[in-house]
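The next block holds one structure in the form of structure tokens; read it before the comments.
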Protein chains: 2
Amino acid sequence: MSPGARILVVDDEPQIRRSLQVNLENKDYAVVTAASGEEALESIARRKPDVVIVDLVLPSMDGIELTRRIRDQSPVPIIVLSANGDELKKVEALESGADDYVTKPFSMEELSARIKSALRRTVMLSGSEPIFRRAGLSVNFERREARLQEELIKLTPTEYDLLKYMIQYSGKVLTHRILLTAIWGEAYANQAQYLRVFIGQLRKKLERNTARPQYILTDPGVGYRFETSPQEENS
Amino acid sequence: MSPGARILVVDDEPQIRRSLQVNLENKDYAVVTAASGEEALESIARRKPDVVIVDLVLPSMDGIELTRRIRDQSPVPIIVLSANGDELKKVEALESGADDYVTKPFSMEELSARIKSALRRTVMLSGSEPIFRRAGLSVNFERREARLQEELIKLTPTEYDLLKYMIQYSGKVLTHRILLTAIWGEAYANQAQYLRVFIGQLRKKLERNTARPQYILTDPGVGYRFETSPQEENS
DNA sequence: GAATATTTATGAAATCTTTATGACCCGAGG
DNA sequence: CCTCGGGTCATAAAGATTTCATAAATATTC
């Protein structure tokens, strides 16, 4: 699927760099590493990686600052590695321009899935028609309608806008602020309750089991994400 | 096949404009060209093309922005020409309201097929008889008359124009703005009440049960659309 | 002056916003 | 280890607002 995509790993701990390098090379990625933000910026300019993985904790220039600096010069997908529990930092990272994050400790499968998702970020469209399809769900942008197994689903304007926006950035974590700003406007950036209500309505209409959503996932403390590939749940 | 359908080609490179013009005219289309988004918008308002072909890369206003602007005022099918590999842009274009895209480099056959497909989706008055038929309804565009089960229905000029327009783009949601602009003109784009009155009159004349319309459906908060596939009615 | 178009008025329907409630998670303090 | 309290989240439902359908009055056109 992604033979030889270039990945840059930025971490100050040599052990972690090594470990990631070995594991990712096993998955056929071309890996380069950097031990600091400065190195990373230079490496990005020279090597043009397809994905950058950044540890949140770095000496001198932390992950958030680095993310910001990268974003000033490149739209390359950035995945942040964050310590468990630091929701605030996650949000900060996402709003500085990171595309996704993985919470430590994480499995290689998890990281790998996020890398794939970042590489594939383009929404899959069927043929040339403006229709989005995934699992049982299809959304026709021309007709402004959504179907679940061929069955038409009635969506209000706001519900449709929200769904469309989430599909557009599917796979990516979208913070409350980002969603609220996009759909309702800057002034509503703090009305997280709106979001809960409308996410709830969308789930009620789209999800088989609203308690275990397939499409619209919650990232507690951060926001929501439209899942790209329906995963089987472990539980 | 499509005698004299009007096509607008929007591209800033004179060579490509020329090439497309010549090739499409050979296929019996009436071709007009525009070198910029601004020109294109004006040409659409004045010439009412049946299909618009837009290069994604344009100076000042790019293809996506142009697509969005066209969509604000017209449901005309838009085919986007995109450079190879720019998946993200394609998605963006389709979500902005484009109907189809063709990746450069492309053959004339390919483009031609897409044009035909786009024309087919709008109800063209091609074929031997300019008559639209669906379920019990038939509209003769040459004689400007509509019949319900062979019985002639009296339509005022505005009612007829509105019906014809909706049939032409049947299946698509037509926003209030688009309908008002098309039938009454730019200046009336906010008079949604006109629409309600005339839609109501059309329904009274066409629909068996105005409370459960078969043909003219309401998309609350968005607009109206002419239903393509007749639904079985229950009860 | 007859047909048509525009405007006004009103109740109904759909949607959006707000409030209320309980579940759940997690850390602090007993 | 347990319980408490604060926070986020999901959901239902009440209230407010907007949009819609319809009838009818008025204006315009030919």
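Numbered from 1 within each chain, the chains take letters A, B, ... in sequence-line order.
With salt bridges taken as basic N to acidic carboxylate O contacts below 4.0 Å, one links B/Arg46 and B/Glu42. Using a cut-off of 4.0 Å between Lys/Arg side-chain N and Asp/Glu carboxylate O, A/Asp11 and A/Arg17 are scored as not salt-bridged. Here A/Asp100 pairs with A/Arg225 in a salt bridge; the nearest charged N to carboxylate O distance falls below 4.0 Å. Taking 4.0 Å as the cut-off between side-chain N and carboxylate O, A/Asp161 and A/Arg144 count as a salt-bridged pair. Salt bridge annotation for A/Lys164-B/Glu95: absent, with no cationic side-chain nitrogen under 4.0 angstrom from a carboxylate oxygen.
Paired with A/Phe198 under the rule ring pair (Phe, Tyr, Trp, His ring centres under 6.0 Å), one option of A/Tyr160, A/Tyr165, A/Trp184 passes, and it is A/Trp184.
Not counting sequence neighbours, the partners of A/Ser96 by the side-chain contact (heavy atoms from CB on, under 4.5 Å) test are A/Ile64, A/Thr67, A/Arg68. Applying the side-chain contact (heavy atoms from CB on, under 4.5 Å) criterion to B/Val197, with sequence neighbours excluded, gives B/Gln193, B/Gln201.
Residues A/Arg71 and A/Pro77 share a closest heavy-atom pair of NH2-CA, 4.2 Å.
Taking the six-membered ring where tryptophan is involved, the planes of A/Phe132 and A/Phe226 are perpendicular, since the angle between them exceeds 60° and thus also 30°.
Phosphate proximity of C/dT7 to B/Tyr194: present, with a side-chain N or O under 4.0 Å from OP1 or OP2. Proximity of A/Trp184 to the phosphate of C/dC16: no side-chain N or O atom is located under 4.0 Å from OP1 or OP2.
Note: NZ (B/Lys205) to C1' (C/dA3) measures 10 Å, nearest angstrom. Rounded to whole Å, atom P of C/dT8 lies 17 Å from atom CG of B/Leu195. Atoms CZ (B/Arg212) and C1' (C/dA13) sit 15 Å apart, rounded to a whole Å. The interatomic distance linking B/Leu180 (CG) with C/dA5 (P) rounds to 15 Å, in whole Å.
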What string of B, S and - do you get for nucleotides 25-30 of chain D 5' to 3' if you count protein non-hydrogen atoms under 4.0 Å?
-> ------
Sugar-phosphate atoms are those with a prime plus P, OP1 and OP2; base atoms are the rest. Using that split, label each nucleotide of nucleotides 11-21 of chain D B, S or - for protein heavy atoms under 4.0 Å, 5' to 3'.
-> BS------SBB
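Under the 3.5 Å distance criterion, with hydrogens and angles disregarded, no donor-acceptor pair is assigned to the side chains of A/Asp50 and A/Tyr29.
Rounding to the nearest 0.5 angstrom, the gap separating the CG atom in A/Asn23 from the CZ atom in A/Arg18 is 11.0 Å.
Near-neighbour residues of DNA chain D inside residues 152-160 of chain A, defined by a heavy atom below 4.0 Å, are absent.
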Take B/Glu227 and B/Ser170 through the test side-chain hydrogen bond (donor to acceptor under 3.5 Å, both in side chains) and record every step on the way to the result.
-> CA-CA 6 Å; B/Glu227 178 61 20; B/Ser170 51; over 6 Å; no
Please produce a list of atom pairs where a protein N or O lies less than 3.5 Å from an N or O of nucleotides 22-26 of chain C.
none

